[in-house]
Protein chains: 2
Amino acid sequence: MNRGNGGFNLPALRSHNTALVLDLLRGAGTRGLPGIGRGELAERTGLTPQAVSKITARLRAEGLVAEAGRGESTGGKPRTLLRLVPEAGHAVGVHLDRDELRVVRLDLAGQVVAERRGPLDFGAGPEAVVDEVVRAVRAAAPVGMAVPEGAPVPEGAPVPEGAPVSEGTVVPDGAAVLDGTAVLGVGVAAPGPLDRRAGVLGRVTGYPAWAGFALREVLEGRLGVPVLLDKDTNAGAAEAAVMGAGDSVYVHVGTGVGAGLCLGGEVYRGGRSGAGEFGHQVLLLDGPTCRCGARGCVEVLCLDAVARGDTAEAARVLGEAAANLVALLDVDRVLLGGRVVAAAPAAFVTGVGAVLAARALGPTTATVALAPGGVAEGAAELVLGPVFGRAR
Amino acid sequence: MNRGNGGFNLPALRSHNTALVLDLLRGAGTRGLPGIGRGELAERTGLTPQAVSKITARLRAEGLVAEAGRGESTGGKPRTLLRLVPEAGHAVGVHLDRDELRVVRLDLAGQVVAERRGPLDFGAGPEAVVDEVVRAVRAAAPVGMAVPEGAPVPEGAPVPEGAPVSEGTVVPDGAAVLDGTAVLGVGVAAPGPLDRRAGVLGRVTGYPAWAGFALREVLEGRLGVPVLLDKDTNAGAAEAAVMGAGDSVYVHVGTGVGAGLCLGGEVYRGGRSGAGEFGHQVLLLDGPTCRCGARGCVEVLCLDAVARGDTAEAARVLGEAAANLVALLDVDRVLLGGRVVAAAPAAFVTGVGAVLAARALGPTTATVALAPGGVAEGAAELVLGPVFGRAR
DNA sequence: CTACTTTGGCAACGCTGTTGCCGAAGTGCA
DNA sequence: TGCACTTCGGCAACAGCGTTGCCAAAGTAG
């Protein structure tokens, strides 16, 4: 993109509006609609119908958009519906958990078209894990994955619809992807803390061998496609942002307790991408000492309760902490995920929901639900997002 | 602006880039520099030098920008510095506190050029207070305050530099402001909760007569200029956003405890503009009951300590709650303001600072300071912000 | 069959930032 | 003092963006 520190020039204008249209088309597909008319696109973007016509004509020529029949007439010519061509591009998402690896391949519309899942020993160290990841990604996306660098949408490189994925085909760098569908990149979700920009892992509690490991760079070298790295909680929030719009908080309870914030339709990561430190929110002044050094953190309270088998208390603690976030950030929804939640989903949802209802300050209460998508899907969304104008 | 739901057209592009340039010019002035060269503007906006030349030429023709001498040569022609013309526009800020009224008039550069302050009985009810506000605003901005509606920057209406402010001059609606400087609007900061969009106050604790009062509409009718209404804490955060960039939290301790969030250079208000509910963050599970109905809120803990004269404990409570926010949102700075803080500033700054340092998770510690500007200045910033591309 | 409504493409247009060019105004060296 | 060099910044021509005006296509309603 040709934008510096906020300055917009004409190419940036074009790609911005194009991404906006694509985003609406994706949204229509996600909501189960057969397509969306040009008029509605114009109305919802604020652009004129003619501008939308030009943009969609370009997208159709590029193979990203196709016509999808006709809508009902409202007294005149019925609108021609448009839809995204899902197979025009794919993204791979990797969820690197402490004892499990899950890899998915999504099409442009966000549908899972391939999945690999298996046990993983995160403690085996970077080299062994990278090997395993490369193998799983190749299995989920068996295509010569070279793609024009830095080009989220392969402009001028029309992708043949539904072309067979031929294994082992290597497409020269910078060339059009002809023999298989374009793989836009790989998103990797890993336990935090980590440096998202540099693509380097931080000091994951209990796994010192990983500290400072440049996972993104190594994977890019092995796979030959762009790789993005982010915290697992942020990936969860990214998935939530796509599934249902609106501000939400993704609370993950696994080996630790973390959260991903989805504010204004985008994942909020903070200045140094360290936002979402939810587990070490102090909830009980002078309470039991946590491994972080502070006293009365959510994590120690919640996980102690889980260890005691007191799920109700764990849910109550989580609920109080979530209610703090809801009040502070004015979010609509709290989404729960992670292994501990998966072990007793109903108990957590009702327990957290009860606290949220009791703590509601205004007439509206934030809703609680299980996180609809997986973390691996959210990791893939890190790659798909920029195509649709999400995340900068 | 010609932008709908994110769609950008050419006029929007133009005003966006123009606002960006103005913002950089204001920033240079705020940092005490005599001006800024076109080259630097180009570099920092990402636009080409020629585009910056065109934009600044337009701004100079409109009287918003002027040349400001020359910089040092770096081996060639020395750059011609540019600066904002502060007197090209003014904004009025009103801080409506429970027992005090403060009104300031700022020029475009953010300097206070007039100030009125006096006692106020918020409990006297809307009518009496509105009368008082109108009187104070007229005193601080004694100009016929009609301005082309909805036009933050009076385009094509060159404002004569340094023209004398003639009292009582009424400029017909839609006409250029000729005889005085343009007053862009009035920002009003009031105790929350309130509906910012509608400009209607909510149920301010202890003042039922104000609930549902359409303050913005009434004031616009009386004053004849655009009026913006926001929570006092948001105004404080807005001022902080201008003074020093970066993410920060403005914590206000007065009759209640509240916070304004400044994320990514803008005030974050949340979906229903209810964000910043800091006072009722639960910090001590099952602690003393708060007036909000919950138990162990920051507000009840902090204000109880203040009532007992235990400033150190109040600061510690505030510090723990602030540390939660710092960890959650990854902000750099915590700013303290409000009457209780003003009574013992050093104790609060050191007390909060100590907790932040102890709770720091990474190598960096968030800094604490007294809020640099007042709430009234922040209220005026609500009006000035859009001119410089802040806040949508 | 005849209005009427709505969709959506074509062509001309205005305005945006960009490129190429050149004069202006300094510095540095012979 | 003179000349080469560097940097700044305006003028003119330009490419590309969304917009406007116009009209054919494809339905509905009477």
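Numbers restart at 1 for each chain; the letters A, B, ... are given by sequence-line order, proteins then strands. Computed from heavy atoms alone, side chains included, the values below leave out hydrogens, waters and symmetry copies.
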Check your understanding: For nucleotides 17-30 of chain C, read 5' to 3', which letter fits each nucleotide if B means a protein heavy atom sits under 4.0 Å from the base, S means only the sugar-phosphate is that close, and - means neither?
Key -> BBBB---BBBS---

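Scanning both residues, A:V225 and A:G185, for their nearest heavy atoms gives CB-CA, 4.3 Å. Of all non-hydrogen atoms in B:L81 and B:P34, the two that sit nearest each other are CD1-CG, 4.0 Å.
Within the 4.0 Å cut-off from OP1 or OP2 of C:dG9, at least one side-chain nitrogen or oxygen of A:S53 is found. Phosphate contact (OP1/OP2 of D:dT7, side-chain N/O of B:R38, threshold under 4.0 Å): absent.
Using cut-offs of 30° and 60° for the angle between ring planes, the A:H16 and A:F8 rings count as perpendicular.
As a whole-Å value, the separation of B:E43 CD from D:dT7 C1' is 14 Å. In this structure, A:L20 places its CG atom 14 Å from C1' of D:dG18, rounding to the nearest Å. Residue A:L41 contributes atom CG, which lies 14 Å from atom P of D:dG18 at whole-angstrom precision. The separation between B:R79 atom CZ and D:dG10 atom P is 14 Å, rounded to whole Å. Rounded to whole angstrom, the span from the CD atom of A:E72 across to the P atom of C:dT7 amounts to 13 Å. At whole-Å resolution of the value, CG in A:L82 and C1' in C:dG8 are 11 Å apart.
In this structure, B:R58 and B:T18 have side chains that are in contact, with non-hydrogen atoms separated by less than 4.5 Å. Using a 4.5 Å cut-off on side-chain heavy atoms (C-beta onward), B:L25 and B:R83 make no contact.
The closest donor-acceptor contact from the side chain of A:D247 to the backbone of A:G264 lies under 3.5 Å.
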